[in-house]
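The block underneath contains the structure these notes are about, expressed in C-alpha cells.
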Amino acid sequence: GAVVSQHPSWVICKSGTSVKIECRSLDFQATTMFWYRQFPKQSLMLMATSNEGSKATYEQGVEKDKFLINHASLTLSTLTVTSAHPEDSSFYICSARVGNTIYFGEGSWLTVV
Amino acid sequence: GDSVTQMEGPVTLSEEAFLTINCTYTATGYPSLFWYVQYPGEGLQLLLKATKADDKGSNKGFEATYRKETTSFHLEKGSVQVSDSAVYFCALSDLSGNTPLVFGKGTRLSVIA
C-alpha cells in the first residue's frame with residue numbers, strides 16, 4: 001500500500017486564489033520531504049526540500065513567497081500556491097525517504113482558471 | 001554534481017518485444033539507483049532499486065543491474081505488454097541526510113498490440 005499520500009488529487013481554482021496541497025507520510029515519520037513539479041511530458045523539477053520544524057530549502061528560481069511550504073509535524077508537509085495564476089497549472093508531487101527507498105505521493109493536478 | 005542520463009524516447013515496441021532503456025550515471029560516491037514508472041495521469045511508482053554494485057533489482061518482469069565499472073543501470077524486460085506503456089525514470093540518491101533524488105529526463109514507452 002501507499003506510504004506517502006497526497007491530497008487533493010485534483011484541484012481547480014480561480015486566478016488570484018490560494019490552494020493548499022497536503023503530503024502525508026503513512027505509518028512513519030518523515031523529517032524531510034521533497035516537493036517536485038512536473039510539466040507535461042517532462043521530468044520532475046525539484047522545487048524545495050521541506051524540513052520538519054524549520055524553513056524549507058528552495059531551489060534556485062522557485063519563488064518562496066509564491067510556493068509556501070510548511071512542515072509542522074513529522075507526518076505532514078503542505079505546499080500552498082498563493083495568488084495562483086494559470087501558469088501555475090501543473091502536476092505537483094511530493095516524496096519522502098523510508099530507509100533506503102524513496103517513495104512518492106500520488107501527485108496533485110492543479111488547474112488555475 | 002551527480003547526474004543521470006537516460007536514452008531519449010519515445011520508444012515504441014510491439015507486444016512481446018524485448019525492452020532495453022539505457023541509463024548511465026555520474027556520481028562522486030556510491031549512490032543507490034532506482035527505476036520509477038509513471039503511468040498516464042498518475043504519480044511515480046517505485047519499480048525496482050539496487051543499493052550497491054552488482055546488485056540486480058527486479059520486479060514485474062523488469063530487471064536492472066548496478067554496474068559500477070560502466071556506471072550504468074539499464075532497464076530490461078524480456079517481453080513487454082501493452083500495459084507497460086508508461087514513462088520510465090532512472091534516478092540516483094546517496095540516501096544521506098536531505099539529499100533528494102537526481103532524475104533522468106524520462107523515457108516514454110509505448111507498446112502496441
Side-chain angles (χ1 to χ4, degrees), chain A residues 1-10 21 23-24 30-60 62 69 71 77 90-111, chain B residues 1-11 21 23 25 29-53 55 57 59 64 66 85-110:
Chain A
V3 295
V4 178
S5 178
Q6 265 183 258
H7 178 82
S9 298
W10 300 81
I21 300 169
C23 178
R24 293 184 183 274
T31 55
T32 302
M33 291 184 178
F34 304 98
W35 285 96
Y36 294 84
R37 180 175 182 179
Q38 187 180 33
F39 293 99
K41 298 187 178 182
Q42 294 189 24
S43 189
L44 284 78
M45 180 189 77
L46 179 66
M47 298 177 67
T49 300
S50 172
N51 303 297
E52 188 270 336
S54 64
K55 292 182 179 180
T57 304
Y58 289 82
E59 295 300 299
Q60 190 173 8
V62 178
I69 291 173
H71 196 150
S77 175
S90 191
F91 185 63
Y92 294 89
I93 190 166
C94 68
S95 72
R97 176 181 156 192
V98 181
N100 63 359
T101 302
I102 298 174
Y103 292 96
F104 285 82
E106 304 92 332
S108 301
W109 287 98
L110 169 63
T111 301
Chain B
D2 295 352
S3 66
V4 174
T5 303
Q6 277 182 249
M7 63 184 289
E8 296 282 334
V11 174
I21 300 178
C23 171
Y25 68 91
Y30 300 96
S32 292
L33 303 174
F34 305 83
W35 276 101
Y36 288 87
V37 57
Q38 185 176 33
Y39 297 102
E42 298 184 12
L44 270 70
Q45 299 177 25
L46 177 65
L47 182 60
L48 54 84
K49 67 178 183 181
T51 57
K52 62 183 186 297
D55 269 2
N59 185 26
Y66 191 141
S85 298
V87 180
Y88 293 82
F89 292 95
C90 185
L92 68 79
S93 174
D94 63 10
L95 295 179
S96 66
N98 298 337
T99 308
L101 280 167
V102 176
F103 281 97
K105 293 187 176 181
T107 303
R108 183 174 301 274
L109 169 66
S110 296

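A, B, ... follow the sequence lines: proteins, then strands. Residue 1 opens every chain.
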### Task
Can you sort out the partners of Arg24(A) under salt bridge (Lys or Arg N to Asp or Glu O under 4.0 Å), two or more places apart, ordered by chain and number?
Glu22(A)

### Query
Is Asn51(A) close to Thr31(A) at the side-chain level, that is, under 4.5 Å between some pair of heavy atoms?
no

### Summary
Turns out that what part of Ile93(A) lies under 4.5 Å from chain B's heavy atoms comes down to side chain

### Summary
When the 4.5 angstrom heavy-atom criterion is applied to Leu44(B) and chain A, the contacting part is both

### Query
Using non-hydrogen atoms only, which part of Gln38(B) is less than 4.5 Å away from chain A: side chain, backbone, both, or neither?
side chain

### Task
Quick one: pull up CZ in Phe91(A) and OG in Ser108(A) and give me the separation to the nearest 0.5 Å.
7.0 Å

### Task
Can you tell which part of Gln42(A) gets under 4.5 Å to a heavy atom of chain B, answering side chain, backbone, both or neither?
backbone

#### Entry: Polar contact flag, side-chain donor to acceptor under 3.5 angstrom, Thr57(A)-Thr49(A)
no

